[in-house]
K.L.:
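Structure in structure tokens, see below.
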Amino acid sequence: MADRLLTFSIFRYNPITPEIPPRMQEYQLEETMGMSLFIALNRLREELDPSLMFDFVCRAAICGSCAMLINGRPGLACKTLTQDMPDRITVMPLPVFKLVGDLSVDTGVWFRHLNVRTEAWIHTDKVFNPEAIEERMDNPTAQAIYDAERCIECGCCIGACATANMRADFMGAAFLNRIARFMIDPRDERPMAQYFDVVGTDEGVFGCIGLMACDDLCPMEIPLQGQLAFVRRKMAQMALKCARCK
Amino acid sequence: MILQKLLAKSPKLETRLELLELATGLMLFGFLQFHMFAVSSIILGVDAFNRDSARMDEYYLSYIGIPLIILALIVHGLVALRKAPWKIQEMRVFVQHSRRLAHLDTWAWGVQILTALIILVLAATHIWSVLVTWPIEAATSAARIQGGYFSNFVLLIVAAEIHAMVGLYRILVKWSWIHRKKFTNYLVYATIGMVGLGFLTLLVFYFRSIPKGLS
Ligand code: HEM
Ligand code: FES
């Protein structure tokens, strides 16, 4: 494994200088023990090209800021070891999100919009009493909520989705997974009709054509096929029985 | 939210369209396989084929079934094609995305769009040519296949079976009725089996001698 000379082909483009067209630039680097793409990119920037732009915060697959296309597929750079990769590695920024420059994209605005649209907080009329003992929740429900909550908002599912790539207004797996999380939460008192209004549309769950690249490529391995199907079934039930819905 | 969207969007309608796509897709899937088994009776002989055809005629199955299937095809085409990449940019985005991703399920959708267009043209000519030589008899079918329709049928059988099987797979995945990885193999075997049956039927028709006066 050691002594390999890796070739990185990296997407370069800076929206501030649109006169320089997008291009792939090549760099070479000696592989070291346990090298991740995070380490490789940092060395490239330090040793070869200080102008290279990319994002990192936690370097431990927690913050979700280092998602990029690694040999064409969305993944976390900090979680990708070069020992699992061929000698030649192409790296591009995630599609769908606003390109900041080179490998850096703005997922923040997109996810902020998601949280606003899904109203990602518990809706309840109960007044919180800090003195009272917390209400119990059964274990399977807590587990199911936790499964959905593991999303780190990296955007890999969105970058991997053909519909999200083709249609800017499609909500995508991260969005629908968030909706599913609140739908199963017994503390949330929102009526199903309210969810129906947000995701029972072609921009919502019915924009999904079932390609499952999200499910295959989610770095957190959230069971997205099941999450999407759960929302889909609930919405189908609403369409068949909700008399008041539009 | 913007005014025209606020007024135009209708979750109920959009969901029902999706259910219509599901229903017509399943219905056409069922029909295609039934049709394939029905015409394959020629393998057992001319009499078996003609008996089947006459019986469907007798019980009015043909007169209810055929209009229903034509309607289902039109409705299915209209609702399913709303997902297709109509704009040249969408099409290029899809192809570039699929090449980068190298992901089988994603490519399979492109195949589905392509086979849909093949079916659209070939199924139309197929239905037309059958209806103008009504009733369905082994001799007229053989004459048709020997008279230049052979390659059309090869393409139609392959396109229809692939489209239908990928479509079924997609339905099962979207509604999560199956374990994805396990089921793929069965569908591949089923596709190969049905295409094989179709080809065998086609060959039997091709080498059948036709009574005089029909060729
Ligand atoms: C032999 C006849 C046909 C059969 C058995 C068939 C079957 C199916 C099935 C089962 C699906 C999956 C539906 C779903 O995901 O809900 C599907 C999807 C599709 N069909 Fe067909 N179909 C046939 C003919 C056609 C024709 C003639 C067209 C269009 C001209 C068409 C266009 C499409 C398209 C574009 C999709 C993909 C839609 C999506 O991804 O949501 N099909 N078909
Ligand atoms: S740097 Fe935080 S997930 Fe990779």
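Protein chains get the first letters and strands the later ones, always in sequence-line order, with residue 1 at the start of each. The figures that follow rest on heavy atoms only: side chains count, while hydrogens, waters and symmetry mates do not.
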K.L.:
Check B/Glu18 with A/Arg232, please: is the shortest side-chain N to carboxylate O separation under 4.0 Å?
P.N.:
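Between B/Glu18 and A/Arg232 there is a salt bridge, with a charged N closer than 4.0 Å to a carboxylate O.
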K.L.:
Starting at NE2 of B/His97, measure out to CG of A/Asn165 and round the result to the nearest 0.5 Å.
P.N.:
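Interatomic distance, B/His97 NE2 to A/Asn165 CG, rounded to 0.5 Å: 5.0 Å.
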K.L.:
Could you list the donor-acceptor pairs under 3.5 angstrom formed between side-chain atoms of residues 63-79 of chain B and any protein atom two or more places apart in sequence or on another chain?
P.N.:
unit_1, atom_1, unit_2, atom_2, d
B/Tyr63, OH, B/Asp57, OD1, 2.4
B/Tyr63, OH, B/Trp134, NE1, 3.2
B/His76, ND1, B/Thr24, OG1, 3.3

K.L.:
Compare all side-chain heavy atoms of A/Met238 with those of B/Thr15 and state whether any distance is below 4.5 angstrom.
P.N.:
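No, side chains not in contact.
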K.L.:
For atom CZ of A/Arg112, is the number of surrounding heavy atoms from other residues, nucleotides or ligands below 6.0 Å larger than 12?
P.N.:
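At most 12 heavy atoms, drawn from other residues, nucleotides or ligands, come within 6.0 Å of this atom.
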K.L.:
Other residues, nucleotides and ligands only: do more than 12 of their heavy atoms fall within 6.0 Å of NZ on B/Lys12?
P.N.:
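More than 12 heavy atoms, drawn from other residues, nucleotides or ligands, come within 6.0 Å of this atom.
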K.L.:
How would you list, in number order, the residues of residues 190-201 of chain B that have a heavy atom less than 4.5 Å from chain A?
P.N.:
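Under the 4.5 Å heavy-atom cut-off, nothing qualifies.
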K.L.:
Between A/Thr90, A/Ile209, A/Leu217, which shows the greatest number of heavy-atom pairs under 4.5 Å with chain B?
P.N.:
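Looking at each option in turn, the highest pair count goes to A/Ile209.
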K.L.:
Looking only at heavy atoms and a cut-off of under 4.5 Å, which of A/Ala213, A/Gly226, A/Pro95 has the most pairs with chain B?
P.N.:
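Ranked by heavy-atom pairs under 4.5 Å with chain B, first place is A/Ala213.
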K.L.:
Side chain, backbone, both or neither: which part of A/Arg167 has a heavy atom under 4.5 Å from chain B?
P.N.:
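Interface part for A/Arg167: side chain.
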K.L.:
Answer whether the closest heavy-atom distance between the side chains of B/Arg180 and A/Asp216 falls below 4.5 Å.
P.N.:
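Contact flag for B/Arg180/A/Asp216 side chains = yes.
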K.L.:
With the side chain counted from C-beta on, respond yes when A/Leu228 and B/Lys174 share a heavy-atom pair under 4.5 Å apart, and no when they do not.
P.N.:
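No. Closest side-chain heavy atoms not under 4.5 Å.
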K.L.:
So among B/Leu104, B/Leu101, B/Thr106, B/Val173, which one has a side-chain contact (heavy atoms from CB on, under 4.5 Å) with A/Leu211?
P.N.:
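Single side-chain contact (heavy atoms from CB on, under 4.5 Å) partner of A/Leu211 among B/Leu104, B/Leu101, B/Thr106, B/Val173: B/Thr106.
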K.L.:
Counting only heavy atoms not in A/Glu221 (residues, nucleotides, ligands), do more than 12 fall under 6.0 Å from its CD?
P.N.:
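Counting neighbours around CD of A/Glu221, 12 or fewer heavy atoms of other residues, nucleotides or ligands fall under 6.0 Å, so no.
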K.L.:
Sort out for me which of B/Gln96, B/Arg92, B/Glu90 touches chain A most, counting heavy-atom pairs under 4.5 Å.
P.N.:
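That would be B/Glu90.
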K.L.:
For B/Trp128, look at atom CH2 and say whether over 12 heavy atoms of other residues, nucleotides or ligands are found less than 6.0 Å away.
P.N.:
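Incorrect, the count does not exceed 12.
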K.L.:
Check B/Trp175 against A/Arg233 and note the closest heavy-atom contact, atom names and distance.
P.N.:
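Scanning both residues completely, I find the closest heavy atoms to be O-NH2, 2.6 Å.
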K.L.:
B/Leu17 versus A/Asp202: any side-chain heavy-atom pair under 4.5 Å?
P.N.:
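SC-SC contact between B/Leu17 and A/Asp202 ruled out.
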K.L.:
For the residue pair A/Arg73 and B/His103, establish whether any side-chain heavy-atom pair is separated by less than 4.5 Å.
P.N.:
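They are in side-chain contact.
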